Amino acid sequence: MDIRVQEEPFHFGTEAQAFSDAQDGAGAIVTFTGLVRDLPGTPLDVMEIEHYPGMTERALAKIAQDASKQWELSGSLIIHRFGAMRPGDQIMMVATASKHRKDAFEAAEFLMDFLKSRAPFWKREITADNTSWVESKPEDEDALSRWDHIQ
Amino acid sequence: MDIRVQEEPFHFGTEAQAFSDAQDGAGAIVTFTGLVRDLPGTPLDVMEIEHYPGMTERALAKIAQDASKQWELSGSLIIHRFGAMRPGDQIMMVATASKHRKDAFEAAEFLMDFLKSRAPFWKREITADNTSWVESKPEDEDALSRWDHIQ
Amino acid sequence: MMTLDILYFAWLRERVGEPREVVETNVETVADLVAELVAKDERYALAFADMSSLRVAIDQELTDFTASLKGAREVAFFPPMTGG
Amino acid sequence: MMTLDILYFAWLRERVGEPREVVETNVETVADLVAELVAKDERYALAFADMSSLRVAIDQELTDFTASLKGAREVAFFPPMTGG
């Protein structure tokens, strides 16, 4: 279980390969990467992410522990950035490794669903003429109910 | 849509990063990588994969096209090796990119489920004292029924 | 009386006008604390106008507005998270 | 009469003893072709003993044993696939 909350960029390919290399006996590795998307209409200058230092690390560790209890994982990784990012930049990634592809896929989706609405990050979009906080989506909260049986 | 069937190894990290770099406007990238697992008991010397040249490429292209019809993907990648591999080696990978994480995850799982039992690859495990063809698993066939509604 | 560090994040921080403050209080629950803040200044009334869209954590664990503050040292208020 | 390329893969290839052969035939379906092969030699009888565990493709498209061979040029037989 490797949890990193950082301002500096990370290199997706390097992290993905290092994670894969560190696995022993795994047959399946799943990664998810979130990128800053440009906005329809006025171009996005900067996406800024605020977080709650201390709680962020605790919340991510709890989510990763919950995943390890539920699925047979030989490893898991969460990297999440804060601070200023530009369109196309990598915001975060998760990776999971397991003997079986079903476990690796489900655990990665679980990590993403909980990270979206249970880890204390807040996104703000800054364009030439506007600054606005990204609103949470009802479907992100709904996505959690999929995992009710394992809480 | 990028489909590659090859004997030579590929570098997962490099391919994952190149795929991510090639996406324009995607917010979510999912990758799956399959590795050769060692066997319980007698160590595995070599995993050998036979395939049906010609049909393999057609079958993979069809699976990727079906995924593109069903989900909003900005890109998809399938790399599958044949020939001799050793424990820990990468056998194959898929990658999907979409605006939305749900599409990227579902499409990657769809690609994997169909690739497992609808693309003409056959695995053989070679140990010091035995050579045996890997048998297909009933659950791999069952996994396809999850996608019945989109066929 | 207890001493609490109170933290605000995202647009809640902007409305309150500061990221952190220390309060002395003897209220029992999070909801009581919010009521006390709202009574104190217009900024808080504005910030906490719609509590259904707010989240609260006590000592860095998510909880809800009915939670007791007994033993608490740090209380954080913020809008729904938008990570990932 | 038509000329068919017949391909075998994995353990079916090992049982038949060759990866590919050319046959001249005038049968109508895949099942008829299998019957003709099985009648020809013991190797085929062994290879096709349990047809429920076999798959067939005509001109590189998966199909089933009831399929017509009309217009076919290449027929491939193999066990269930184990990719991924």
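Computed from a prediction, not measured in an experiment: that's the story for all the values here. Order of the sequence lines sets the chain letters (A, B, ...), proteins ahead of strands, with each chain counted from 1.
- Only the side chain of E141(B) comes within less than 4.5 Å of a heavy atom in chain D; its backbone stays farther off.
- For A10(D), the parts lying under 4.5 angstrom from a heavy atom of chain B are both the backbone and the side chain.
- For the pair E61(D) and R58(B), the salt-bridge criterion is met [side-chain N within less than 4.0 Å of a carboxylate O].
- In this structure, the portions of P79(D) lying under 4.5 Å from any heavy atom of chain B include both its backbone and its side chain.
- Ring-centre distance between F78(D) and W11(D): not below the 6.0 Å cut-off.
- In this structure the side chain of L111(B) never reaches within 4.5 angstrom of the side chain of F32(B), judged on heavy atoms.
- The existence of a salt bridge linking E14(D) and R124(B) is confirmed by a sub-4.0 Å separation between a basic side-chain nitrogen and an acidic carboxylate oxygen.
- Looking only at atom types and distance, the side chain of E36(D) has no donor-acceptor partner in the side chain of Y44(D) under 3.5 Å away.
- Contacts between L115(B) and chain D at a heavy-atom distance below 4.5 Å involve backbone atoms as well as side-chain atoms.
- When the candidates Y52(B), F82(B), F121(B) are compared by the number of heavy-atom contacts under 4.5 Å with chain D, Y52(B) comes out ahead.
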